[in-house]
Amino acid sequence: MARTFYEIGFTPSVLAAQEREGSRAAYAGQLAPEADPRDRLGPEEAAFIAARDGCYQASVSETGWPYVQFRGGPKGFIRALDERTVGYADYRGNRQFLSLGNLTADGRVSLFFMDYPNRARLKLFGRARIVDRVEDPALVARLHAGGKGKPERAVLIDVAGFDWNCPQHIPQRFTAEELQPVLGEMQARIARLEAENAALKGEAAQ
């Protein structure tokens with residue numbers, strides 16, 4: 001159970017909808033005082049986050065509009081710095097600064113970490129803090145995951161609560177990197193069969 005996550009997510013209007021639709025009782029245990037608050041990341045969550053090469057980040061504007069951004073990078077670009085903090089380096093982009101502006105005005109953020117091959121999802125609520133490169137160059141350098149670009153700032157997210165999702169409606173998808181071991185085997189087998197076929201054709205022609 002993830003009490004803190006649902007204390008944030010189960011607003012009065014959400015609870016009212018659950019009541020109308022008949023699911024309120026099924027979630028009563030999530031808000032029980034004895035339920036696990038899940039406001040501290042454990043080894044399982046830290047490892048799952050570090051293994052991702054991308055995540056979805058939602059922020060909210062001063063006018064109340066949500067904005068969802070896909071953040072990607074090499075595996076480990078976003079990681080748990082401790083049991084209460086997730087961080088990543090922020091690089092120069094299209095200079096619209098939608099997420100940066102939103103997070104500066106209102107640090108509330110929601111992150112979705114997806115593992116499509118294994119159909120697993122980790123949801124996280126937190127509050128983001130922006131740390132400029134000039135302010136703490138060591139921190140920004142620590143979060144730099146390599147690759148192209150020079151990080152301009154760090155984004156630190158104080159974990160408020162998290163929960164794991166049911167895999168029922170998560171499609172199974174694979175990246176080219178994840179498929180490479182299978183494709184490599186298949187390509188090698190095709191090459192062997194083509195060589196055998198050519199050899200048989202050669203023998204038949206003699």
Side-chain angles (χ1 to χ4, degrees), residues 2 4-5 8-9 37-62 65-165 167 170 173-178:
T4 306
F5 184 92
I8 295 170
R38 282 195 182 176
D39 56 356
R40 294 174 183 269
L41 300 172
E44 182 182 6
E45 288 77 33
F48 188 83
I49 292 170
R52 309 276 67 80
D53 61 0
C55 71
Y56 300 95
Q57 174 185 278
S59 58
V60 61
S61 73
E62 293 154 291
W65 285 98
Y67 179 70
V68 178
Q69 179 185 45
F70 179 80
R71 303 207 62 92
K75 290 180 180 179
F77 84 96
I78 182 168
R79 57 188 182 271
L81 302 179
D82 55 48
E83 63 182 7
R84 300 301 297 270
T85 314
V86 172
Y88 63 86
D90 190 32
Y91 299 82
R92 184 186 181 96
N94 58 17
R95 314 302 282 176
Q96 290 184 351
F97 299 119
L98 286 167
S99 292
L100 179 63
N102 286 351
L103 296 180
T104 301
D106 186 334
R108 288 178 298 172
V109 67
S110 178
L111 299 177
F112 266 47
F113 300 96
M114 304 296 301
D115 178 355
Y116 288 107
N118 296 300
R119 300 175 66 227
R121 172 174 51 194
L122 176 65
K123 304 181 299 185
L124 185 148
F125 281 133
R127 291 188 178 274
R129 295 176 281 131
I130 308 298
V131 181
D132 191 86
R133 184 178 63 214
V134 176
E135 182 184 347
D136 195 338
L139 172 65
V140 176
R142 176 186 171 194
L143 289 171
H144 178 37
K148 297 179 181 179
K150 185 176 181 181
E152 297 185 337
R153 63 192 63 82
V155 178
L156 301 181
I157 299 167
D158 298 323
V159 177
F162 65 88
D163 192 26
W164 293 88
N165 253 127
I170 300 175
R173 295 173 178 161
F174 299 87
T175 64
E177 180 186 353
E178 289 161 345

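The first residue of the sequence shown is numbered 1, and numbering continues consecutively from there.
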Legend entry - Ion pair Glu152/Arg95, N-O distance below 4.0 Å: yes
Has the side chain of [X] got a donor or acceptor atom that lies under 3.5 Å from a matching backbone atom of [Y]?
X      : Y      : value
Arg92  : Lys150 : no
Arg153 : Val140 : no
Arg129 : Leu156 : no

[X] versus [Y]: any side-chain heavy-atom pair under 4.5 Å?
X      : Y      : answer
Ile130 : Val155 : yes
Leu124 : Glu45  : no
Glu178 : Tyr116 : no
Arg71  : Asp90  : yes
Leu143 : Pro151 : no
Leu81  : Val86  : no
Arg40  : Arg84  : yes

Shortest non-hydrogen separation from [X] to [Y] and the atoms involved:
X      : Y      : value
Gly126 : Ile157 : CA-CG2, 3.9 Å
Arg79  : Ile49  : CA-CG2, 3.9 Å
Gly146 : Pro74  : O-CG, 4.4 Å
Ala58  : Val68  : CB-CG2, 4.1 Å
Gly149 : His144 : O-CE1, 3.8 Å
Leu41  : Asp82  : CD1-O, 4.2 Å

If you round to the nearest 0.5 Å, how far is [atom2] of [Y] from [atom1] of [X]?
X      : Y      : atom1 : atom2 : value
Glu177 : Lys75  : CD    : NZ    : 4.5 Å
Asp115 : Asp53  : CG    : CG    : 10.0 Å
Asp163 : Arg121 : CG    : CZ    : 10.0 Å
Leu122 : Cys55  : CG    : SG    : 10.0 Å

Legend entry - Residue of the set Tyr56, Phe162, Phe5 for which side-chain contact (heavy atoms from CB on, under 4.5 Å) holds with Lys123: Phe5
Inset, instruction - For the pair Asp158 and Thr85, evaluate side chain to side chain contact (heavy atoms under 4.5 Å, CB included) and give the outcome as yes or no after the intermediate values. - result: CA-CA 5 Å; Asp158 298 323; Thr85 314; 4.1 Å; yes
Legend entry - With Asp136 via side chain to side chain donor-acceptor pair (under 3.5 Å) - residues at least two apart: none
Under 3.5 Å, which donor-acceptor pairs do the side chains of residues 104-112 form with other protein atoms, sequence neighbours left out?
unit_1 : atom_1 : unit_2 : atom_2 : d
Thr104 : OG1    : Leu100 : O      : 2.7
Asp106 : OD1    : Arg108 : N      : 3.1
Asp106 : OD1    : Arg108 : NE     : 3.1
Asp106 : OD2    : Arg108 : NE     : 3.2
Asp106 : OD2    : Arg108 : NH2    : 2.7

